[in-house]
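Worksheet: the structure to be examined is printed underneath.
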Amino acid sequence: MEVSYYPGCSLEGMAVEYDRSIRAVCHALGIVLADLPDWSCCGASSAHFLDEELSIRLPARNMEIAEREGRELLVPCSACFQRLKQADKELKKDAARWIDRPYEGKTAIWHINEFFDRPELIEAIKGKVRKPLDGLAGVAYYGCLSQRPPKVTDAPSPETPESMDRLLRAVGMEVRPWSYKTDCCGASLTITRTDIVHKLSGDLFEAALEAGAECMVTDCPMCQSNLDTRQAEIEAIRQRQYGLPVFYLTELMGLAFGNYQATGWWKRHFVDPVPLLRRKDLL
Amino acid sequence: MVWLRPQAALGSNPPMSNDLAIHPSPTFLADVEARSGEHVSLCYQCRKCTSGCPAAFAMDVMPNQVMRMVQLGLEDELLRSRTIWICAGCQTCTTRCPNDIDIAHLMDTLRQMSRASGVPAGEANVVKFHKAFLDSVRRHGRLYELEMIGLYKLAAMDFFGDMKLALEMLKRGKLKFLPPGIKGKREVRRMFHKEKNGNEEKG
Ligand code: SF4
Ligand code: SF4
């Protein structure tokens, strides 16, 4: 299976471990990732805040390239995913307004969970597990933009998604139920209004602990970065110890597959998961 | 027509001075609906948007009040509000509105109208952040995070906040030193120019 891959700017910078783990996991599953040639920034949250035209033009260029490539498109960043889906819908409505060639709109755009969450791939994933994540209890945190708004994302269950839960169970993790799967962590305000992030992300940590989680798992680079880098500050403000490592879904899949590179991925995390993984006999 | 704030209207002999009067715009609702394509008139104040809004605690105008202010034409008050900049764009309101109003999209429209009208932004740093982001993309075709942080810090005159965090990220290889380079850089730059020429709105 060969798919086009749009890493997006975060996966080349602050979320480079997400990129590495995706490539490793896909390689193990026999999925060939063909980087979208000369991809450009999708505008993420900034373009639509300040300039509506630009917020379509930026992702439209990438959808045009993807259509030329003619494969399904895997987009691991939730913000990129949502922007590319939006551009795809606008292009289908009126391609001439945005690009100089006709647009068929046949490219299937996948965020990471929904991409892996198909029966044949779940079976393949189960088959690759060398080291089941037995006894590791965590919550699946989806955040906002891979799910909402459903008229753009086509998410089947935007308030209570299940796809990442299923994938984590497939690699043996104990996925704890909780009702904060899609509550916003505030990442878009992390630099400008950190106080708001302290409240929103702090509430998520409290809820995760209450759910009996020892770690959080996400598939969004903004969420991971926000929850990981701000955790110590929030602990100091709330006078609480959370100590919740925040994994990317694909990091845990890689660990379960016995990938020897896995420890290199979370060396970049702020909340060190090694003590927890040692305690669980997973390292 | 001049409307009085309720407290002024109810008081005895309210002084008729300008600082107590508000001047609703008769065209604001029509403008906003045309620019955004959203039917703000349909809002019946069920407040579902506000109940689910994660950032409401930090807002000066609740999302349902935003809708009412558009309906009433309170243009100046709304375009100066903090709310339109504090909205995190999480799309919860849009997902839940029983009248199918895309409230998050409306917030985008209001932010852009606020910038176009020249009023000071209720949260100046939020504007500076997004400008720094887009400036960096305009230059390279992709985001150069290190440059964006620099541009933002300069604009916001905030040289110490999060410095330790940025250093830690550098140490962990999470910020690239070198700028990205792509072939389509010019093509991307032209999109930014288009924006300046024709800025007609989409439906
Ligand atoms: S959810 Fe929709 S109808 Fe209800 S108050 Fe908000 S905008 Fe109005
Ligand atoms: S998109 Fe903005 S207004 Fe709507 S719920 Fe999220 S933060 Fe609140």
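In what follows, chains carry the letters A, B, and so on, assigned in the order in which the sequence lines appear, proteins first and then strands, with residues in each chain numbered from 1.
When heavy atoms are compared at a cutoff of 4.5 Å, B:E145 approaches chain A solely by way of its side chain, counted from C-beta outward. Neither the backbone nor the side chain of B:C93 comes within less than 4.5 Å of any heavy atom of chain A. Heavy atoms closer than 4.5 Å to chain A are found in both the backbone and the side chain of B:I86. Only the side chain of B:D162 comes within less than 4.5 Å of a heavy atom in chain A; its backbone stays farther off. Of the two parts of B:T94, only the side chain, counted from C-beta on, holds a non-hydrogen atom closer than 4.5 Å to a non-hydrogen atom of chain A. Heavy atoms closer than 4.5 Å to chain B are found in both the backbone and the side chain of A:E12. Interface residue A:L189: only side-chain heavy atoms are found under 4.5 Å from chain B. Contacts of A:L145 with chain B are made by side-chain atoms alone, with heavy-atom separations under 4.5 Å and no backbone atom involved. Of the two parts of A:K267, only the backbone, made up of N, CA, C and O, holds a non-hydrogen atom closer than 4.5 Å to a non-hydrogen atom of chain B. Proximity to chain A (any heavy atom under 4.5 Å) is shown, for B:Y144, by neither the backbone nor the side chain.
Side chain of A:R268 to main chain of B:G173: a donor-acceptor pair is present (N/O by atom type, distance under 3.5 Å, no hydrogens or angles). Under a 3.5 Å cut-off, the side chain of B:R142 and the backbone N or O of A:C9 do not form any donor-acceptor pair. A donor-acceptor pair under 3.5 Å links the side-chain atoms of A:D38 to the main chain of B:G184, judged by distance alone.
Residue B:R190 holds its CZ atom at 11.5 Å from CZ of A:R57, rounded to the nearest 0.5 Å. For the atom pair CG of B:L165 and OG1 of A:T190, the computed distance is 7.5 Å after rounding to the nearest 0.5 Å. Remark: A:H48 NE2 to B:R111 CZ distance equals 7.0 Å, nearest 0.5 Å. Within the model, atoms CG of B:D158 and CD1 of A:I191 stand 9.5 Å from one another, a figure rounded to the nearest 0.5 Å.
Side-chain contact check for A:T229 versus B:E168: every heavy-atom pair is 4.5 Å or farther apart. For the pair B:M59 and A:I196, the minimum side-chain heavy-atom distance is 4.5 Å or more. Put simply, the side chain of B:V126 reaches to within 4.5 Å of the side chain of A:F49, judged on heavy atoms. Within the 4.5 Å cutoff, no side-chain heavy atoms of A:S188 are placed close to those of B:F129. Between B:T95 and A:P150, some side-chain heavy-atom pair lies under the 4.5 Å cut-off. Contact annotation: the side chain of A:R193 never approaches that of B:N125 to less than 4.5 Å [non-hydrogen atoms, C-beta and beyond]. Side-chain contact between A:T182 and B:Q91 is absent, with no heavy-atom pair separated by less than 4.5 Å.
A salt bridge between A:D51 and B:K131 is absent, with no side-chain N of the basic residue lying under 4.0 Å from a carboxylate O of the acidic one. Between B:D100 and A:K151 there is no salt bridge, since no side-chain N of the basic residue sits under 4.0 Å from a carboxylate O of the acidic one.
Counting non-hydrogen atoms of other residues, nucleotides and ligands closer than 6.0 Å to CD of A:E210 gives a total of 12 or fewer. When the shell of 6.0 Å around CZ of B:R186 is examined, it contains 12 or fewer heavy atoms from other residues, nucleotides or ligands. Summarising the local packing, OH of B:Y152 is surrounded by more than 12 heavy atoms from other residues, nucleotides or ligands at distances under 6.0 Å. Residue A:D195 places its CG atom among more than 12 non-hydrogen atoms of other residues, nucleotides or ligands, all under 6.0 Å distant. Residue B:R82 places its CZ atom among 12 or fewer non-hydrogen atoms of other residues, nucleotides or ligands, all under 6.0 Å distant.
Taking each heavy atom of B:M169 and A:F270 in turn, the nearest pair found is CG-CZ, 3.8 Å. Contact record, B:F133 with A:C41: CE2-SG, 4.0 Å, taken as the closest heavy-atom pair. Across all their heavy atoms, B:K174 and A:E17 have their closest contact at NZ-OE2, 2.8 Å. Residues A:S40 and B:I182 share a closest heavy-atom pair of CB-CD1, 3.7 Å. Nearest heavy atoms, A:E52 versus B:Q112: N-OE1, 3.3 Å. The two residues A:S46 and B:H130 come nearest to each other via the heavy atoms OG-ND1, 2.7 Å.
Per-residue counts of heavy-atom pairs under 4.5 Å with chain A were compared for B:L110, B:I84, B:T109, B:V137; the largest is that of B:V137.
Listed by chain and residue number, B:R80 satisfy the salt bridge (charged side-chain N to carboxylate O under 4.0 Å, His left out) test with B:D76 (two or more places apart in sequence, or in another chain).
The contact list for residues 47-58 of chain B toward chain A, using heavy atoms and a distance under 4.5 Å, reads B:P54, B:F57, B:A58 by residue number.
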